[in-house]
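The model shown is predicted, which means the values in this text are computed figures rather than measured ones.
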Amino acid sequence: MCDLPAALAQGQGIGPMESVFDWLTVIIFGGLAVLFMQRSAGPRPAKDRMLHYLPPALACGTANTLGNHGWTLVSVMLMTATVAYVWIVLKPLRPGDAA
């Protein structure tokens with residue numbers, strides 16, 4: 001297992017998208033960004049706040065970093081929790097969103 005703080009201090013893991021963690025977290029983040037843009041273009045749902053998008057965005061970056069540095073199980077758990085958060089809190093398929 002890699003020493004995460006030392007690897008980050010040396011700048012390891014910065015480069016082209018090479019790992020499965022890079023691709024999965026970008027896909028999740030892209031879906032989150034599309035949801036945000038879709039909802040900001042029309043009338044805002046009553047309980048939808050910009051701050052609700054921050055935890056999953058930060059979790060994507062954290063899961064990517066952890067996965068790229070050998071913390072596979074923690075990264076997968078964090079990505080799963082991120083998708084669950086988006087599904088439960090942000091409710092991407094609620095009625096009235098499709099325009």
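Remark: V20 pairs with L24 by the side chain to side chain contact (heavy atoms under 4.5 Å, CB included) rule, at least two apart or across chains. Judged as a ring-ring contact (aromatic ring centres under 6.0 Å, His included), and not counting sequence neighbours, F29 has no contacts. The side chain to side chain contact (heavy atoms under 4.5 Å, CB included) test applied to L51 returns L54, not counting sequence neighbours. Partners of S19 according to the side chain to side chain donor-acceptor pair (under 3.5 Å) rule, which considers only residues two or more places apart in sequence or in another chain, are D22, N68.
Atom CG of L66 sits about 11.0 Å away from atom CG of L73, to the nearest 0.5 Å.
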Side-chain donor/acceptor pairs under 3.5 Å, residues 79-87, sequence neighbours excluded:
{"unit_1": "T80", "atom_1": "OG1", "unit_2": "V76", "atom_2": "O", "d": "2.8"}
{"unit_1": "T82", "atom_1": "OG1", "unit_2": "L78", "atom_2": "O", "d": "2.7"}
{"unit_1": "Y85", "atom_1": "OH", "unit_2": "H52", "atom_2": "O", "d": "3.0"}

Next on the checklist: With side-chain contact (heavy atoms from CB on, under 4.5 Å) as the criterion, how do F21 and T72 come out once you've worked through the C-alpha distance, each side chain's angles and the decisive distance to 0.1 Å?
Outcome noted: CA-CA 9 Å; F21 301 104; T72 305; 3.8 Å; yes
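In summary, of the residues considered (V89, L58, L35), a side-chain contact (heavy atoms from CB on, under 4.5 Å) with Y53 occurs for L35 alone.
Here the closest heavy-atom approach between residue A63 and residue S75 is recorded as O-OG, 2.7 Å.
W23 and V26 end up in the same hydrophobic cluster when Ile, Leu, Val, Met, Phe, Trp and Tyr side chains are linked at under 4.5 Å.
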